[in-house]
Amino acid sequence: MPELPEVETIKNTLKQFVLNKTITDVSVYWANIIKQPDDIDYFKYLLAKQSIHDIHRRGKFLLFELDDVVLVSHLRMEGKYSVHPSGEPVKKHTHVIFIFSDGEELRYNDVRKFGTMHLYEKGDEWKNKPLNQLGPDPFSKTFTMDYFYQKLKKTDRVIKSVLLDQTVVAGLGNIYVDETLFRANIHPLKKANKLKKREAKMIWEAAINTLKDAIAQGGTTIRSYVNSQGDMGMFQQELFVYGQENEPCKICGKPIVKMKVGGRGTHVCILCQKME
DNA sequence: CCTCTAGCCTGCTAGC
DNA sequence: TGCTAGCAGGCTAGAG
């Protein structure tokens with residue numbers, strides 16, 4: 001499932017293939033992917049003759065910057081972009097195709113059909129969902145230790161749920177939250193408002209460093225993630241707890257335990273990550 | 001303000 | 001072996 005490091009990697013590879021290309025037409029095979037505008041024909045109309053000038057990442061979102069509009073795309077668990085020559089057979093899970101004037105196409109593929117696209121006139125993307133509720137990007141200078149600690153002090157929720165909350169910090173998902181809490185030696189069930197400033201700082205630093213390390217490895221491939229060139233990530237080799245159920249902890253040797261926290265599968269070393 | 005649940009989907013796995 | 005039921009997963013909307 002693409003989280004921040006995977007989306008960052010996808011953005012960088014995709015830019016090599018689609019920058020400065022001009023859309024002539026769009027094919028939509030599964031309309032529920034398109035959340036904005038409501039009318040699919042209007043979606044196509046707005047994109048026709050538009051060129052892709054840049055691609056940005058905000059949290060787990062990709063932002064395609066065109067002439068007059070911005071396409072905000074979330075890949076959820078299985079979304080993928082790839083570039084093909086026009087006329088290649090359309091695969092079973094291809095739901096949207098952006099046809100370029102040069103004989104190539106950008107294809108959106110998504111086994112689960114959970115991904116979303118929102119199209120806005122330039123500037124409006126920040127005033128509307130899904131971007132208007134997002135917290136700071138972990139690498140932004142607004143994601144300060146002070147901001148983070150104030151957020152933790154204000155909530156009675158468990159720390160894992162807070163880290164997954166995209167309005168607090170945008171980009172962490174299930175894998176990197178589990179890894180962050182392991183690196184910080186904090187149990188996922190600890191209440192956020194009970195954490196000492198020292199502990200909050202450990203989590204804040206671990207989150208930023210875990211994401212940086214994962215980007216350096218091209219992301220994490222658990223079962224299906226590849227970037228837009230088809231390359232796997234390599235960070236799975238550096239995972240301490242995620243997907244390591246019953247495996248010995250790389251630090252203390254005690255088997256990693258899997259539990260449910262806020263409805264999510266959660267991996268923890270109960271020796272390294274103390275409740276007290 | 002908060003938390004919980006259903007819904008969105010389909011591939012995979014456990015159980016028969 | 002072949003079948004079905006249930007689960008996973010990020011996020012939203014609605015209920016409590």
Side-chain angles (χ1 to χ4, degrees), chain A residues 1-8 10 28-38 40 57-63 72-81 90-96 108-118 120 125 127-135 137-138 150-180 188-194 207 211 214 219-226 233 236 239 241-246 256-268:
Chain A
M1 62 220 87
E3 301 179 28
L4 186 151
E6 291 74 32
V7 178
E8 178 71 17
I10 289 165
V28 177
Y29 298 93
W30 188 260
N32 287 352
I33 302 281
I34 317 298
K35 304 296 183 189
Q36 168 71 34
D38 290 335
I40 299 300
R57 179 193 58 72
R58 179 74 170 79
K60 303 177 197 173
F61 290 90
L62 283 171
L63 281 69
V72 181
S73 171
H74 197 301
L75 306 169
R76 295 289 171 90
M77 273 78 71
E78 306 260 7
K80 289 174 187 62
Y81 281 103
V90 177
K91 297 233 175 94
K92 182 180 176 188
H93 298 301
T94 299
H95 307 307
V96 184
Y108 179 72
N109 193 80
D110 187 344
V111 169
R112 290 279 193 286
K113 296 177 175 167
F114 271 18
T116 60
M117 293 183 193
H118 292 77
Y120 289 107
E125 72 273 24
K127 302 172 197 158
N128 293 283
K129 63 184 180 184
L131 296 183
N132 61 350
Q133 299 287 9
L134 273 191
D137 201 86
Q150 294 308 316
K151 280 282 183 186
L152 295 190
K153 278 207 296 194
K154 270 190 272 178
T155 180
D156 194 40
R157 302 152 78 194
V158 300
I159 183 62
K160 166 143 184 173
S161 300
V162 178
L163 291 175
L164 284 171
D165 184 343
Q166 303 296 300
T167 69
V168 173
V169 55
L172 292 164
N174 211 29
I175 297 175
Y176 296 109
V177 167
D178 282 4
E179 292 301 311
T180 293
L189 285 173
K190 260 199 170 180
K191 294 289 184 109
N193 57 12
K194 298 271 168 54
L211 294 169
T220 302
T221 296
I222 293 299
R223 43 199 273 250
S224 69
Y225 164 75
V226 289
Q236 61 276 12
L239 295 176
V241 288
Y242 188 86
Q244 309 298 308
E245 187 181 9
N246 298 328
I256 303 301
V257 171
K258 188 170 182 184
M259 59 175 76
K260 285 262 186 200
V261 177
R264 304 283 165 72
T266 299
H267 309 76
V268 55

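As the structure is a computational prediction, the values presented were derived from the model and not from experiment.
- Scanning for salt bridge (Lys or Arg N to Asp or Glu O under 4.0 Å) contacts around A:K260 gives an empty result, with sequence neighbours left out.
- Heavy-atom nearest nucleotides on DNA chain B were determined for A:N32 and for A:T155, and the one closer to the 5' end corresponds to A:T155.
- Applying the salt bridge (charged side-chain N to carboxylate O under 4.0 Å, His left out) definition to pairs two or more places apart or across chains, none involves residues 29-38 of chain A.
- Shown here are the ring pair (Phe, Tyr, Trp, His ring centres under 6.0 Å) partners of A:F114, two or more places apart in sequence or in another chain: there are none.
- With sequence neighbours excluded, the residues that form a side chain to side chain donor-acceptor pair (under 3.5 Å) with A:S73 are A:Y81.
- In terms of the side chain to side chain donor-acceptor pair (under 3.5 Å) criterion, residue partners of A:D165 (sequence neighbours excluded) are, by chain and number, A:R157, A:T167.
- Using a 4.0 Å cutoff to heavy atoms of chain A, the contacted part of DNA chain B runs 5' to 3' from B:dC2 to B:dG11.
- Within the helix from B:dC2-C:dG16 to B:dC16-C:dG2, the inter-axis angle between the opening and closing five-pair segments is 60°, rounded to 10°.
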Under 4.0 Å protein heavy-atom contact, by nucleotide of nucleotides 7-13 of chain C - B base, S sugar-phosphate only:
-BBBB-S
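- Side chains of A:N174 and A:K160: a donor-acceptor N/O pair is present below 3.5 angstrom, by distance only.
- In terms of the salt bridge (Lys or Arg N to Asp or Glu O under 4.0 Å) criterion, A:K153 has no residue partners (sequence neighbours excluded).
- Applying the salt bridge (Lys or Arg N to Asp or Glu O under 4.0 Å) test to A:R57 and every residue at least two apart in sequence or in another chain returns A:E8, A:D137.
- Under the ring pair (Phe, Tyr, Trp, His ring centres under 6.0 Å) criterion, A:H118 pairs with no residue at all, not counting sequence neighbours.
- For the salt bridge (Lys or Arg N to Asp or Glu O under 4.0 Å) test, residues two or more places apart in sequence or in another chain that qualify with A:K190 are A:E199.
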